[in-house]
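For reference, the structure discussed in these notes is given below.
Naming convention: chains lettered A, B, ... in sequence-line order (proteins, then strands); numbering from 1 in each chain.
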Amino acid sequence: MKKPFFITTPIYYVNDKPHIGHAYTTILADVFARYYRKKGAPTLFLTGLDEHGQKVQEAAKEKGLSPMEHCNKMVPQFTNLWDKLHISNDDFIRTTEPRHKKVVQMILNKVFESGDIYEAEYEGLYSVSEERFITEKEFETGQFRDIKKLKEKNYFFKMSKYQERLIQHIKENPKFIQPNHRKNEILGFLRKPLNDLCISRPKSRLNWGVELPFNSEYVTYVWFDALINYISAPGYDEDHGVSKDWWPASHHLIGKDILTTHAVYWPTMLMSAGIDLPESIFAHGWWLMGDSKMSKSIGNVVDPINLIDDYGVDPVRYYLMREMVLGQDANFTIELFKSRYNSDLANDFGNLLSRVTTLINKNFSGKIPNPGDLDTSEINIKNDSISLCLSFDELMKNMRLNEAIELVIRFISGVNKYMEQNAPWKLVKEDKRAAGKVLYTAGEALRISALLLSPVMPNRTKTLLDILDAFDSNQKWGGLKPGTQLNDHAPLFPRIK
RNA sequence: GGCGGAGUAGCUCAGCUGGUUAGAGCACCGGAAUCAUAAUCCGGGUGUCGGGAGUUCAAGUCUCUCCUCCGCUACCA
């Protein structure tokens with residue numbers, strides 16, 4: 001059996017308005033999940049929502065709802081978007097679910113029993129108006145009033161105890177934190193002594209959370225709660241640990257803003273609980289909306305999500321996946337979107353399909369012609385397709401999705417060249433059989449390209465494969481069945497003016 | 001301040017352990033073709049590889065230094 005593939009997105013904060021960042025991470029996970037499923041690996045793609053914490057409690061109060069009612073109302077904001085984006089998650093976890101809270105308490109107990117939790121006074125800057133402790137950084141912004149120093153009894157997790165082990169682990173597992181510059185950041189961070197982590201909040205201040213199993217006067221700190229979703233969803237119990245079917249996770253995909261929690265808090269929590277660490281934590285970059293001067297206040301920001309209504313989901317997914325080098329920031333503008341769409345999808349890919357199907361319709365009454373004996377140029381295309389598939393897999397394994405996509409388009413471009421060189425529209429007048437061979441070859445190339453791009457654009461590639469009646473075919477050369485009647489179709493990627 | 005990353009064609013970027021005339025895509029100009037979504041194909045780049053110095057037979061690629069931009073420097077979620 002193939003190695004299982006377990007990929008996660010962060011659980012998004014239920015109070016947030018979903019934006020391009022949420023969409024990007026989730027599509028990215030979706031593409032990898034679809035890719036591995038197609039490869040035949042047992043796949044678990046998990047996303048969900050983080051529903052506890054001060055802000056939820058406050059927002060609910062403002063609306064005169066219970067926190068739970070408030071959360072239930074917010075959930076569709078996300079799930080509707082996932083539907084719209086054709087996200088194929090296998091599970092959707094909410095931290096308010098019993099199956100999750102149970103595990104959080106089990107882990108808290110486990111860590112407690114390991115002797116890694118102790119009581120102490122927490123002293124910090126407390127904002128009376130905000131009713132919460134604020135960070136040094138927040139204090140420096142000067143945006144908070146009524147600040148005083150406050151002491152409070154709390155529980156702490158001995159994170160510092162695992163510092164050396166964590167450093168060791170990061171060094172021994174180069175893929176644990178990716179990309180490399182993020183790993184360096186964390187190693188830099190770990191050069192200074194780690195503080196212990198305050199993991200409790202007294203209910204007098206905050207009661208919307210998971211109760212500490214060893215003191216019912218407290219709930220646990222949201223991060224301690226949230227991170228555990230990665231094991232509560234696949235399943236955890238005290239006797240067997242995390243479900244062996246899925247753990248350790250293959251990738252935790254995250255935004256760079258939550259690297260520390262994932263690369264420091266989470267692994268040390270797992271160490272204390274005696275659980276293996278995930279295989280990799282991958283922090284991607286952010287989408288910059290064109291000129292950074294563009295801002296919401298000016299109101300000229302184009303939300304890429306709106307592009308879906310105009311141009312369809314698949315082109316938007318394509319753009320996001322093709323344009324961002326995983327791990328770096330990227331720019332989003334309508335101009336770039338259109339340019340990428342037209343040159344890659346309309347001109348190269350979609351247009352090639354039109355050329356091939358039109359020629360087959362005109363000259364072969366719409367039936368896929370016979371491949372015949374392959375000549376050098378056909379063998380070249382065939383070999384290109386074989387090496388394309390190999391390179392594609394290699395790049396996907398290394399999280400170089402944008403390059404993988406680029407290779408496919410390059411291959412398509414080569415097929416356009418091949419069409420030009422062999423000119424089946426001329427050839428058909430002299431040697432119909434030879435023309436058929438060219439069209440078969442180009443059709444095969446389209447079929448294989450569509451299969452490769454299907455995790456990125458599941459709908460449009462299905463349309464293409466259906467036209468060729470090859471939806472269930474595989475990447476091996478020769479999947480098109482001669483004599484198959486082509487299905488009618490409109491341009492696959494109509495050009496945008 | 002400390003640590004880390006980046007500065008390569010108009011734009012977006014490739015260039016691993018130093019080695020033939022520094023590359024790709026897009027855009028742009030010229031031509032060919034006309035099966036196709038006016039799409040495609042061919043041809044066209046004298047780029048101070050951020051500045052300066054150094055190591056070397058040889059540096060975009062290593063060292064030093066300077067300039068510019070960015071990220072991290074935790075316990076809000």
Side-chain angles (χ1 to χ4, degrees), chain A residues 10-16 50-56 122 124 127 130 132-138 144 154 156-157 159 179-192 194-201 221-226 256-261 263-265 283 285-286 288 292 322-325 327-331 333 335-336 339-340 342-363 402-403 406 409-410 413 415-428 435 438-439 442 490-497:
Chain A
I11 46 173
Y12 306 113
Y13 200 54
V14 71
N15 251 23
D16 287 348
D50 177 11
E51 304 191 351
H52 288 129
Q54 184 105 20
K55 286 181 183 168
V56 170
Y122 178 81
S127 159
E130 289 270 316
R132 65 173 175 91
F133 284 92
I134 60 169
T135 62
E136 292 269 330
K137 227 195 261 172
E138 284 175 320
F144 294 86
N154 267 305
F156 286 77
F157 166 53
M159 198 155 70
N180 230 317
H181 63 273
R182 297 294 167 202
K183 177 174 82 181
N184 290 341
E185 250 175 51
I186 291 297
L187 283 173
F189 177 77
L190 288 171
R191 265 200 285 272
K192 282 190 292 184
L194 214 47
N195 290 330
D196 289 339
L197 187 66
C198 176
I199 55 151
S200 68
R201 300 290 184 265
Y221 167 53
V222 283
W223 271 115
F224 208 95
D225 168 0
K256 60 185 183 181
D257 50 326
I258 51 176
L259 182 62
T260 310
T261 49
V264 179
Y265 298 3
W286 280 341
L288 310 174
S292 57
R322 169 63 184 83
E323 204 67 22
M324 187 180 271
V325 178
Q328 290 175 220
D329 289 346
N331 278 297
T333 67
E335 286 68 32
L336 284 171
S339 154
R340 181 60 77 188
N342 279 336
S343 65
D344 288 6
L345 298 179
N347 298 355
D348 282 1
F349 193 36
N351 185 49
L352 177 61
L353 174 69
S354 294
R355 316 175 75 171
V356 171
T357 55
T358 304
L359 286 165
I360 292 179
N361 283 330
K362 278 190 187 165
N363 302 296
N402 61 309
E403 290 176 60
E406 189 183 345
I409 298 301
R410 212 173 274 251
S413 173
V415 178
N416 272 317
K417 246 173 228 149
Y418 163 78
M419 286 284 282
E420 215 65 36
Q421 280 156 6
N422 293 279
W425 50 92
K426 265 189 213 159
L427 196 54
V428 73
V438 175
L439 293 174
L492 193 60
F493 297 101
R495 216 182 134 73
I496 304 173
K497 329 118 313 259

Test A:Val222 against A:Gln54 for side chain to side chain contact (heavy atoms under 4.5 Å, CB included), laying out the working first.
-> CA-CA 9 Å; A:Val222 283; A:Gln54 184 105 20; over 6 Å; no

Could you check A:Asn416 against A:Asp344 and say which one's nearest nucleotide on RNA chain B is further toward the 5' end?
-> A:Asp344

Name the closest nucleotide to the [X] side chain, picking from [options].
| X | options | result |
| --- | --- | --- |
| A:Ser413 | B:U37, B:C41, B:A77 | B:C41 |
| A:Tyr265 | B:A74, B:A39, B:A24 | B:A74 |
| A:Cys198 | B:C35, B:C75, B:U40 | B:C75 |
| A:Pro491 | B:C75, B:U37, B:C26 | B:U37 |
| A:Lys55 | B:C76, B:A77, B:U73 | B:C76 |
| A:Arg201 | B:A77, B:U12, B:A39 | B:A77 |
| A:Lys417 | B:A74, B:C26, B:C42 | B:C42 |
| A:Asn351 | B:U37, B:A77, B:C26 | B:U37 |

Taking 4.0 Å as the cut-off, does a side-chain nitrogen or oxygen of [X] come that near to OP1 or OP2 on [N]?
| X | N | result |
| --- | --- | --- |
| A:Tyr221 | B:A77 | yes |
| A:Asn180 | B:G5 | no |
| A:Lys362 | B:A36 | yes |
| A:Arg495 | B:A39 | yes |
| A:Lys192 | B:C72 | no |

In whole Å, what is the span from the [atom1] atom of [X] to the [atom2] atom of [N]?
| X | N | atom1 | atom2 | value |
| --- | --- | --- | --- | --- |
| A:Glu323 | B:G25 | CD | P | 15 Å |
| A:Glu403 | B:A24 | CD | C1' | 12 Å |
| A:Arg182 | B:C70 | CZ | P | 15 Å |
| A:Leu336 | B:U12 | CG | C1' | 8 Å |
| A:Arg340 | B:G25 | CZ | C1' | 7 Å |
| A:His181 | B:C69 | NE2 | C1' | 15 Å |
| A:Trp223 | B:A77 | CH2 | C1' | 7 Å |
| A:Leu345 | B:G25 | CG | C1' | 14 Å |

Can you find a heavy atom in the side chain of A:Trp425 that is under 4.5 Å from one in the side chain of A:Lys362?
->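 No, every pair of side-chain atoms sits at 4.5 Å or beyond.
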
Applying a 4.0 Å non-hydrogen cut-off, can you work out what [X] is touching in the nucleic acid: base, sugar-phosphate, or nothing?
| X | answer |
| --- | --- |
| A:Phe493 | base |
| A:Leu194 | base |
| A:Leu492 | base |
| A:Tyr13 | sugar-phosphate |
| A:Arg322 | nothing |
| A:Asp16 | nothing |

Using the [atom1] atom in both, what is the distance from [N] to [M], to the nearest Å?
| N | M | atom1 | value |
| --- | --- | --- | --- |
| B:U8 | B:G23 | C1' | 10 Å |
| B:G18 | B:U55 | C1' | 12 Å |
| B:C76 | B:C13 | P | 35 Å |
| B:C69 | B:G30 | P | 40 Å |
| B:A58 | B:U21 | P | 14 Å |
| B:G25 | B:G43 | P | 11 Å |
| B:G51 | B:U68 | P | 15 Å |
| B:G7 | B:G44 | P | 28 Å |

Between A:Glu420 and A:Lys417, does at least one N-O distance fall below 4.0 Å, as a salt bridge requires?
-> no

Separation between OG1 of A:Thr357 and CG of A:Leu352, rounded to the nearest 0.5 Å = 9.0 Å

Any side-chain to backbone donor/acceptor pair from [X] onto [Y]? Under 3.5 Å, distance only.
| X | Y | value |
| --- | --- | --- |
| A:Asn15 | A:Lys55 | yes |
| A:Asp196 | A:Met159 | yes |
| A:Ser343 | A:Ser339 | yes |
| A:Asn342 | A:Arg495 | no |

Partner lookup for [N], please. Criteria are Watson-Crick or G-U wobble with both distances under 3.5 angstrom; report none if nothing qualifies.
| N | answer |
| --- | --- |
| B:U63 | B:A53 |
| B:C26 | B:G10 |
| B:G71 | B:C3 |
| B:A77 | none |
| B:U21 | none |
| B:C16 | none |
| B:A38 | none |

Go through A:Asp348 and A:Ser413 one step at a time and tell me if the side chain to side chain donor-acceptor pair (under 3.5 Å) criterion holds.
-> CA-CA 6 Å; A:Asp348 282 1; A:Ser413 173; 4.7 Å; no

What are the residues of residues 418-427 of chain A, sorted by number, that bring a heavy atom to within less than 4.0 Å of RNA chain B?
->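 The stretch gives A:Glu420, A:Trp425, A:Lys426 as the residues lying under 4.0 Å from the strand, ordered by number.
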
Parallel under 30°, tilted from 30 to 60°, perpendicular over 60°: which one fits the rings of A:Tyr265 and A:Tyr221?
-> tilted

Who are the side chain to side chain contact (heavy atoms under 4.5 Å, CB included) partners of A:Asn184, not counting sequence neighbours?
-> A:Asn180

